[in-house]
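What follows is a short report on a single structure.
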Protein chains: 2
Amino acid sequence: MPRGDDPRVVRSRAAVVEAATTLFLQKGYAGTTMEDVAALAGITKRTVYNNYTDKETLFTQIVTDVLAFADEYAVGLRAELAADIAAADLRTSLHDLGRRLALAIVRAEVVALRRLLIGEARAFPALGARYFDRAPNQMIEVLASGFRHLVQLGVLRATDTRRAAEQFAYLIVGEPLDRAVLVGTVPTREHIVTCAREGVETFLARYAPDPRIR
Amino acid sequence: MPRGDDPRVVRSRAAVVEAATTLFLQKGYAGTTMEDVAALAGITKRTVYNNYTDKETLFTQIVTDVLAFADEYAVGLRAELAADIAAADLRTSLHDLGRRLALAIVRAEVVALRRLLIGEARAFPALGARYFDRAPNQMIEVLASGFRHLVQLGVLRATDTRRAAEQFAYLIVGEPLDRAVLVGTVPTREHIVTCAREGVETFLARYAPDPRIR
DNA sequence: CCTACCGATCGGTAGG
DNA sequence: CCTACCGATCGGTAGG
């Protein structure tokens with residue numbers, strides 16, 4: 001392996017990562033050749049192989065990097081959730097939360113990543129599982145943790161906060177996400193926002209203890 | 001093209017369809033060779049090509065055949081829905097419906113088909129779109145139609161029955177289906193049934209007009 | 001040379 | 001995307 005502190009190596013690796021991320025998300029694993037990656041990175045194939053053992057290693061590395069963003073997002077969400085909910089009333093804050101989440105999830109990049117990982121799940125079963133754990137599952141856990149806090153405050157009524165969080169998530173993004181992944185077109189912002197709003201209303205109907213909030 | 005009424009041709013085609021369905025669902029498009037299909041069908045590759053122009057045509061044909069089952073299922077569902085709901089009370093019939101639907105959707109074969117179509121959505125965009133239209137969308141439309149009837153009977157309270165149907169569908173199968181497609185393992189029957197039951201409860205909380213039903 | 005079928009092989013591609 | 005090359009794979013085809 002080349003020395004990682006050589007500025008030329010650093011630049012090459014960054015160029016490969018950027019090129020490979022673009023191409024894998026856009027054309028899939030089989031649809032992306034190592035020639036394509038080298039060309040878009042502006043280097044030769046030989047240089048790519050100087051830094052990455054093989055195509056599978058490169059692919060795994062790319063996906064791992066992308067999943068790191070999911071972790072960051074969950075951490076940020078946890079902080080926002082704790083702060084925002086305390087500030088306003090339940091209904092308003094859950095609508096804000098739902099809308100932000102839905103818009104963050106039903107995006108072209110996320111849909112492309114999902115399609116890629118699902119399509120390669122046979123060849124790379126660990127990546128699909130890791131994505132589920134780091135993205136949907138982690139987000140649901142953060143939501144559940146926030147809901148637990150709300151239950152303690154007496155503004156939410158739920159015995160199984162994990163389940164409530166699952167229902168919240170799939171109520172607000174289930175249909176648009178499923179459609180986007182299968183049909184390939186991301187729904188309009190209007191559609192996403194409306195779906196999120198109505199999803200939150202249904203969530204509140206079950207989990208808001210005070211009928212006046214609903 | 002060979003004559004379709006020759007019994008040898010009929011048998012060859014049936015063998016190809018069966019073999020290709022198995023292999024495409026199990027190994028994906030690229031992972032299935034025409035040699036594999038011919039071998040599993042017990043004929044030579046040349047005979048496969050006597051009946052199907054090329055691999056893409058065969059794949060499209062297979063998927064079309066599989067989607068025909070989705071249509072049949074929706075038709076059956078429509079009949080059952082009309083009959084069952086009238087028989088028992090709302091809560092019981094929606095729980096029955098939800099459990100049956102969830103178990104029908106979160107099955108290994110359906111998950112395999114979804115993974116296949118999502119993975120090949122780049123190469124065959126029309127197939128993913130057609131699946132969405134024939135399976136999730138059609139099922140939701142049938143549900144919406146049933147809910148509309150219930151609204152007229154006064155046992156359900158919904159202004160947008162299409163949205164109510166979407167929420168019903170993704171409340172009961174969202175999490176297990178997403179997990180199954182990404183992780184590759186179908187959840188236990190217990191998990192599916194519990195998720196469906198809790199989903200129906202949340203649905204009822206919003207859409208059952210009489211608090212006594214909830 | 002009607003369809004059906006087989007053994008063998010070619011042209012093109014892509015990872016390395 | 002410098003060309004060239006390898007070992008391997010695979011979709012589609014020609015001769016008999």
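Scope of the values below: all heavy atoms of this structure, side chains included, with no hydrogens, waters or symmetry mates. In what follows, chains are A, B, ... by sequence order, proteins preceding strands, each numbered from 1. Everything numeric in this text was worked out from a predicted model, so none of it was measured.
- dC1(D) and dT13(C): their C1' atoms are spaced 15 Å apart (whole Å).
- Not counting sequence neighbours, the partners of Q61(B) by the side-chain hydrogen bond (donor to acceptor under 3.5 Å, both in side chains) test are D65(B).
- Counted by atom type alone, T57(A) and D54(A) present one or more donor-acceptor pairs between their side chains at under 3.5 Å.
- For T44(A), no side-chain nitrogen or oxygen approaches OP1 or OP2 of dC1(D) to under 4.0 Å.
- Residue R11(B) contributes atom CZ, which lies 19 Å from atom P of dT3(C) at whole-angstrom precision.
- R162(B) contributes atom CZ, which lies 10.0 Å from atom CG of L143(B) (distance to the nearest 0.5 angstrom).
- Between dC6(C) and dA14(D), the two C1' atoms lie 12 Å apart (nearest whole Å).
- D36(B) places a side-chain N or O within donor-acceptor distance of the main-chain N or O of T33(B), the cut-off being under 3.5 Å.
- Rounded to the nearest Å, the gap between the C1' atom of dG11(D) and that of dT9(C) is 13 Å.
- A salt bridge does not link E201(B) with R197(B): none of the charged nitrogens is closer than 4.0 Å to a carboxylate oxygen.
- Scanning all heavy atoms of the two residues, the minimum distance from L58(B) to V37(B) falls at CD2-CG1, 4.3 Å.
- Nucleotides dG15(D) and dC5(C) place their C1' atoms 13 Å apart, quoted to the nearest Å.
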Just by protein heavy atoms under 4.0 Å, how would nucleotides 8-16 of chain D read 5' to 3' in B, S and -? --SBBBB--

Where each pair must be Watson-Crick or G-U wobble with both distances under 3.5 Å, what dot-bracket representation of DNA chain D is obtained, with crossing pairs in [ ] and other-strand partners as |? ....||...||.|.|.

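- Although no hydrogens or angles enter the test, the distance criterion places no donor-acceptor pair under 3.5 Å between the side chain of Q138(B) and the main chain of Y73(B).
- Ring orientation note: the planes of F59(A) and F124(A) are tilted relative to one another, at an angle of 30° to 60°.
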